[in-house]
Protein chains: 2
Amino acid sequence: MTTPILTKNQSLVFDVLTKAEAPLSAYTILDKLRDHGFRAPLQVYRALDKLLEYGVVHRLESINSFVACAHPDENCHSHGLVAFAICESCGQVIEFHDHEVDHRLMHWLKSHKFKAEKSTIEIRGHCASCAA
Amino acid sequence: MTTPILTKNQSLVFDVLTKAEAPLSAYTILDKLRDHGFRAPLQVYRALDKLLEYGVVHRLESINSFVACAHPDENCHSHGLVAFAICESCGQVIEFHDHEVDHRLMHWLKSHKFKAEKSTIEIRGHCASCAA
DNA sequence: TCAATTGCGTTATGCTATAACGTGTGCGAT
DNA sequence: ATCGCACACGTTATAGCATAACGCAATTGA
């Protein structure tokens, strides 16, 4: 799946996420885009839905926020599972992939005949800089 | 950590979760307990906070819901990471543990000097019964 | 040209979670 | 015994996250 040309709203939302140092909530994105004509949450959520579908943005379920994918070039769907380490001090997020973890989880799913569609792996804690 | 005697509200919430076939949202729990005098969300959230702290209930971040721990006897903190397979058809949740997954994630965290505090592993899809 | 699709804007609403206040109860230390 | 503290509880209000439902405009392809 290649990413289509983004619409105006999608580009605006994507740019905001790309420039952000940390994940942003939909409402934070909305506030940052009021100067560009955004007035309602749905404008943000609709853009986010598409960006998530294209795989260029990830949703962090545990903090109700969104981040740009750390791999601008490759297609994120090809990495297998994606995991996130989220620092609760500085807010920074490290996106990573571990094939062994993927493999073990896939093995469990297969052996239980569970058809996976979406997965969430999020670790919250403190990054190297923030840990005392 | 051993689980203290539960208060009345905590017991009521725990019982509702234990009897449920699927995870419940806080507001669903509230509705089920109106006959027992519950009137406000905080009554549920406060009980849930304690039950989570005691490790007898888990929160499913990806669906904003709560389930009773599948291991009534043991202390859930001793399992290492907990993972959940959530069926989007029937709502059923399977709680499982995989030491190899734990080990790999811990290894990544250690090598990146990331101090983990809470982790979320949730797979959404369709269980064996529901998959066509 | 017509119909279907897609994006967009707006209003309203629903769901999830917490802040802030005050009350009552049990219990240990003085 | 009573004072002070910790904790659970109840209530009202509010904050934060997400979607339903409507209609309009632009695009595309039969």
Side-chain angles (χ1 to χ4, degrees), chain A residues 1-17 20 22-54 56-67 86 88 91 118 120 122 124, chain B residues 1-17 20 22-54 56-67 86 88 91 118 120 122 124:
Chain A
M1 184 185 71
T2 102
T3 305
I5 299 297
L6 299 182
T7 67
K8 183 158 176 290
N9 283 5
Q10 288 160 20
S11 293
L12 288 167
V13 169
F14 184 62
D15 285 352
V16 165
L17 282 175
L24 302 177
S25 75
Y27 278 71
T28 302
I29 296 170
L30 173 59
D31 286 340
K32 288 180 181 290
L33 289 176
R34 288 202 189 274
D35 294 344
H36 292 72
F38 275 50
R39 323 282 337 250
L42 258 193
Q43 295 174 279
V44 177
Y45 281 109
R46 286 203 274 232
L48 286 171
D49 283 346
K50 286 297 180 184
L51 296 170
L52 289 167
E53 180 185 327
Y54 302 154
V56 297
V57 160
H58 298 292
R59 178 196 184 97
L60 299 176
E61 309 275 5
S62 65
I63 57 175
N64 296 315
S65 295
F66 303 84
V67 279
I86 305 168
E88 294 184 322
K118 295 183 176 181
T120 298
E122 298 175 17
R124 290 170 314 295
Chain B
M1 185 183 72
T2 101
T3 304
I5 299 297
L6 299 183
T7 67
K8 183 157 174 291
N9 283 5
Q10 289 160 19
S11 294
L12 287 167
V13 169
F14 184 63
D15 285 352
V16 165
L17 282 175
L24 301 177
S25 75
Y27 279 72
T28 302
I29 296 169
L30 173 58
D31 286 340
K32 288 180 180 290
L33 289 175
R34 288 202 190 275
D35 294 345
H36 291 76
F38 274 50
R39 323 281 337 245
L42 224 50
Q43 294 175 279
V44 176
Y45 281 110
R46 285 203 274 234
L48 286 172
D49 282 346
K50 286 298 181 185
L51 296 171
L52 290 168
E53 181 185 326
Y54 302 153
V56 296
V57 160
H58 297 292
R59 178 197 185 97
L60 300 176
E61 310 274 6
S62 65
I63 55 173
N64 296 314
S65 294
F66 304 83
V67 279
I86 305 167
E88 294 184 322
K118 295 185 177 182
T120 298
E122 298 175 17
R124 285 161 329 284

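These figures come from a predicted structure and were not determined experimentally. Note that these values count all heavy atoms, side chains included, but never hydrogens, waters or copies made by symmetry. Quick note on labels: first sequence line is chain A, next is B, and so on, each numbered from 1.
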The single option from V56(B), L12(B), L24(B) that satisfies side-chain contact (heavy atoms from CB on, under 4.5 Å) with L17(B) is L24(B)
Here the residues of residues 6-17 of chain A within 4.0 Å heavy-atom distance, strictly under, of DNA chain D are none
Among residues 22-30 of chain A, which contact DNA chain D at a heavy-atom distance under 4.0 Å? S25(A), Y27(A)
Quick one: does I29(A)'s side chain get under 4.5 Å of F38(A)'s, heavy atoms only? no
4.5 Å side-chain heavy-atom contact, L52(B) and F66(B): yes
Span of DNA chain D engaged by chain B, first through last nucleotide within the 4.0 Å heavy-atom cut-off, is dA8(D) to dT12(D)
Report the residues that fulfil side chain to side chain donor-acceptor pair (under 3.5 Å) with D31(A), sequence neighbours left out, ordered by chain and then residue number. R34(A)
Report the distance from atom CD of E88(B) to atom OG of S62(B), rounding to the nearest 0.5 Å. 8.0 Å
CZ-CG distance between R124(A) and L60(A), expressed to the nearest 0.5 angstrom: 10.0 Å
5′-ward residue of the pair G37(A)/R46(B) relative to DNA chain C: G37(A)
If we count only N and O atoms by modelled type, under 3.5 Å, do the side chains of R59(A) and T120(A) hold a donor and an acceptor together? no
Please list, in 5' to 3' order, the outermost nucleotides of DNA chain C lying under 4.0 Å from any heavy atom of chain A. dG7(C) to dT11(C)
Taking every non-hydrogen atom, the tightest pair across P23(A) and G91(A): CD-O, 3.1 Å
Quick check on DNA chain D: between F38(B) and N64(B), whose nearest nucleotide comes earlier from the 5' end? F38(B)
Can you check side-chain contact (heavy atoms from CB on, under 4.5 Å) on L51(B) and L6(B), steps first, answer last? CA-CA 9 Å; L51(B) 296 171; L6(B) 299 183; 3.9 Å; yes
Report, one line per pair, each donor and acceptor closer than 3.5 Å where one atom sits in a side chain of residues 39-50 of chain A; sequence neighbours left out.
from	atom 1	to	atom 2	distance (Å)
Q43(A)	OE1	R39(A)	N	2.6
Q43(A)	OE1	A40(A)	N	2.8

Side-chain ion pair, E61(B) and K118(B), N-O less than 4.0 Å: no
